[in-house]
Amino acid sequence: MSELKQLIDEYIELEDNFNEENNEEAEKLHELGHEIDHAVYHEEFTIIYNADTEDEEVVALIISDEEDDAEEFFIPVYTSQEEAEKAIESFTTEYGGNNFAMDKANGNAIVQAYADDEEFLGLAVNAPQCDFVIFAESVHDCSE
């Protein structure tokens with residue numbers, strides 16, 4: 001299990017049991033969130049492409065309503081090849097006969113590749129198995 005996946009699992013568990021009146025829990029959530037932002041910046045993720053398209057389009061999770069003109073989206077990223085394979089199974093079941101391929105990319109590189117797209121919101125880690133998103137503006141490295 002990657003360090004990032006462990007941090008996310010810890011964050012989710014703490015958030016599920018969060019008590020607003022407990023300042024220590026609030027501080028721990030904030031610290032974990034900050035650690036996750038740093039880990040995402042440096043993490044090498046597996047990303048999934050639709051291999052049936054000419055330009056091998058990256059799979060995106062669109063979250064906008066059908067009535068919206070804009071299509072806001074997250075890029076799903078995976079902490080391991082096994083997580084990506086589970087997602088491909090899910091996508092294949094949901095979308096039919098598409099062929100998917102995998103590649104590796106650094107978290108910061110992915111965010112930078114979509115930085116100019118106003119509809120890009122961030123990264124969805126291990127989707128659809130895990131509902132954990134990182135907004136693009138959160139991904140950073142304090143050492144820069």
Side-chain angles (χ1 to χ4, degrees), residues 1-51 53 55-96 98 100-144:
M1 179 183 300
S2 79
E3 180 181 346
L4 176 61
K5 188 166 178 5
Q6 289 175 334
L7 288 171
I8 289 171
D9 289 346
E10 186 178 344
Y11 186 96
I12 290 170
E13 183 178 331
L14 187 59
E15 187 177 50
D16 286 347
N17 300 312
F18 181 66
N19 177 353
E20 289 182 23
E21 297 172 10
N22 187 331
N23 288 337
E24 286 182 25
E25 285 181 358
E27 182 63 29
K28 181 68 175 169
L29 268 176
H30 177 74
E31 288 173 11
L32 272 172
H34 196 79
E35 282 184 60
I36 290 168
D37 295 341
H38 284 275
V40 167
Y41 184 93
H42 295 286
E43 181 86 5
E44 181 178 69
F45 290 105
T46 300
I47 54 177
I48 299 175
Y49 291 93
N50 181 347
T53 60
D55 57 356
E56 293 188 333
E57 183 177 286
V58 172
V59 171
L61 300 174
I62 298 170
I63 63 161
S64 302
D65 293 331
E66 290 181 18
E67 298 90 36
D68 292 342
D69 289 337
E71 288 190 333
E72 295 180 317
F73 66 96
F74 287 93
I75 298 294
V77 295
Y78 302 92
T79 55
S80 68
Q81 184 167 341
E82 294 78 27
E83 293 286 347
E85 288 169 355
K86 289 180 201 174
I88 288 173
E89 286 178 32
S90 176
F91 295 154
T92 301
T93 301
E94 189 171 332
Y95 301 113
N98 290 352
F100 296 100
M102 292 183 265
D103 199 1
K104 300 273 186 182
N106 176 279
N108 183 51
I110 299 166
V111 168
Q112 293 305 311
Y114 292 92
D116 292 337
D117 190 332
E118 292 179 13
E119 296 168 349
F120 172 63
L121 297 175
L123 306 176
V125 180
N126 294 332
Q129 301 91 305
C130 178
D131 293 330
F132 195 86
V133 297
I134 307 287
F135 286 92
E137 62 269 8
S138 297
V139 175
H140 70 281
D141 182 19
C142 289
S143 64
E144 290 188 342

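Keep in mind that this is a model prediction, so the values were computed, not measured.
- Under the side-chain contact (heavy atoms from CB on, under 4.5 Å) criterion, Glu15 pairs with Tyr11, Leu29, not counting sequence neighbours.
- Considering only residues two or more places apart in sequence or on other chains, Ser80 meets the side chain to side chain donor-acceptor pair (under 3.5 Å) condition with Glu82.
- What you find for Leu123 and Gly107 is that their closest heavy atoms are CD1-O, 4.3 Å.
- Ile47 and Pro76 get closest at one heavy-atom pair: CG2-O, 4.2 Å.
- When all heavy atoms are compared, the tightest approach of Ala87 to Ile48 is CB-CD1, 3.9 Å.
- Aromatic rings from Phe100 and Tyr49 are positioned such that their centres are separated by 6.0 Å or more.
- A search for side chain to side chain donor-acceptor pair (under 3.5 Å) contacts involving Thr79 returns Asn126, not counting sequence neighbours.
- Within a 6.0 Å radius of CG in Asp116, no more than 12 heavy atoms belonging to other residues, nucleotides or ligands are found.
- If you check the side chains of Gln81 and Glu85, you find a donor sitting under 3.5 Å from an acceptor.
- Centroid-to-centroid, the aromatic rings of His42 and His38 stay 6.0 Å apart or farther.
- Between Ala127 and Tyr78 the shortest heavy-atom distance is O-OH, 2.6 Å.
- A perpendicular orientation is assigned to the rings of Tyr114 and Phe73, their planes being inclined by more than 60° (bins at 30° and 60°).
- Of all heavy-atom pairs between Asn50 and Val59, the closest is N-CG2, 4.3 Å.
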